[in-house]
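Quantities reported herein were computed from a predicted structural model and do not represent experimental measurements. Chain identifiers are assigned alphabetically (A, B, ...) following the order of the sequence lines, protein sequences preceding nucleic acid strands; residue numbering begins at 1 within each chain.
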Amino acid sequence: MASGKRLSRDFFIRDVLEVAPDLIGKNMHIRLADKAIGSFQITDVEAYRGMEDKACHASKGRTPRTEVMFRQGGRLYVYLVYGMYWMLNVVTAEENHPQAVLIRGVENLSGPGRLTKSLGIDRTFNGEDLDVSERIWFEETGVNPAFNTGPRIGIDYSGDYWKTRPWRFYV
DNA sequence: TCAGTGATTAGG
DNA sequence: CTAATCACTGAG
């Protein structure tokens, strides 16, 4: 597939368990504080899948915070955790299928909280449309790095079944 | 191992 | 209104 092409809505309107591993090796482009566009290859993601997934915020139903996850895929879901860290997620699937991919890391930036802090991602990115945004989007690269799978991080509260789903994908 | 930090949510 | 919870990080 050609590189340098923006991933359009159709890429994200698929099941999160297809989209999440597919994002490994793709480039995230973002307008930085100095106005330059940075390009970062994605290395670490997690899938959160619907209302039945007890680790997914949408499992508690539709709330103001989770509203964007219920929309059609291709937008960002950004929220604050522990009063300090913004988490960057990409909404996937069709409308009313609340799913999202947490971007845990990109090349040279490990950890979801450190990533957003470094790149200047905050609440203003919540709901951003990845089809048309001029400050953040994803691009095809043509590379498909080998990756590992494992349980998701920081969701011990979700019970034995959900906390052991191997829905983390990382290089 | 554990405190920091404040938005979000359920409940009274 | 109160209080619990939290998809994390860095210090010790």
Inset, instruction - Figure out the OH/P separation between Y85(A) and dA7(C), and round it to whole Å. - result: 14 Å
Legend entry - Nucleotide dC8(C), atom P - distance to CZ of R114(A) in whole Å: 14 Å
Legend entry - Separation of atom NZ in K54(A) from atom P in dT5(C), rounded to whole Å: 17 Å
Legend entry - Distance test, side-chain N/O of R168(A) to OP1/OP2 of dA7(C), below 4.0 Å: no
Inset, instruction - For R65(A), answer base if it contacts any base atom (sugar-phosphate contacts may also be present), sugar-phosphate if it contacts only those atoms, and nothing otherwise; contact means non-hydrogen atoms under 4.0 Å. - result: sugar-phosphate
Legend entry - Rounded distance in Å - CZ (R152(A)) to C1' (dC8(C)): 17 Å
Inset, instruction - Give one of base, sugar-phosphate or nothing for M87(A), where a contact means two heavy atoms less than 4.0 Å apart. - result: sugar-phosphate
Legend entry - Shared hydrophobic cluster for F125(A) and Y48(A) (ILVMFWY, side-chain gaps under 4.5 Å): no
Legend entry - Cation-aromatic face contact R65(A)/Y79(A), 6.0 Å, 45 degrees: yes
Inset, instruction - Taking only the side-chain heavy atoms of Y79(A) (C-beta and beyond), determine which of dG10(C), dA7(C), dA7(B) contains the nearest atom. - result: dA7(C)
Legend entry - Cationic tip of R75(A) above Y77(A) ring, under 6.0 Å, 45° of axis: no
Inset, instruction - Using a 4.0 Å heavy-atom cut-off across all strands, classify L80(A) as base, sugar-phosphate, or nothing. - result: sugar-phosphate
Inset, instruction - Could you work out which one of dT9(B), dA7(C), dC8(C) sits closest to the side chain of I153(A)? - result: dC8(C)
Legend entry - Interatomic distance, Q99(A) CD vs dA7(C) P [rounded to whole Å]: 18 Å
Inset, instruction - Nearest whole angstrom, please: distance from the C1' of dA7(C) to the CG of D156(A). - result: 11 Å
Inset, instruction - From the options dA7(C), dG10(C), dT9(B), select the nucleotide whose nearest atom is closest to the side chain of P64(A). - result: dT9(B)
Legend entry - Side chain of P112(A) - closest among dT9(B), dA7(C), dT9(C): dT9(C)
Inset, instruction - State, to 0.1 Å, how close K26(A) and D22(A) come at their nearest heavy-atom pair, and which atoms those are. - result: NZ-O, 2.8 Å
Inset, instruction - Verify the contact: side-chain N or O of Y157(A) to OP1 or OP2 of dA7(C), cut-off strictly under 4.0 Å; return yes or no. - result: yes
Legend entry - Out of dT9(C), dT9(B), dA7(C), whichever nucleotide has its closest atom nearest the side chain of H57(A): dA7(C)
Legend entry - Cation-aromatic face contact R9(A)/F12(A), 6.0 Å, 45 degrees: no
Inset, instruction - Find the distance L76(A):CG to dA7(C):C1' and express it as a whole number of Å. - result: 16 Å
Inset, instruction - Assign G83(A) to base, sugar-phosphate, or nothing according to its heavy-atom contacts below 4.0 angstrom with the strands shown. - result: base
Inset, instruction - For Y82(A) and dG4(B), say yes or no: do the ring centres fall under 5.5 Å of each other while the ring planes differ by less than 30°? - result: no
Inset, instruction - Go through dT5(B), dC8(C), dT9(B) for me and flag the one nearest to the M84(A) side chain. - result: dT5(B)
Inset, instruction - Would you indicate whether the side-chain heavy atoms of Y85(A) and P112(A) approach each other to under 4.5 Å? - result: no
Inset, instruction - Calculate the interatomic distance between M69(A) atom CE and dA7(C) atom P; express it in whole Å. - result: 10 Å
Legend entry - Identity of whatever pairs with dA11(C) - Watson-Crick or G-U, under 3.5 angstrom: dT1(B)
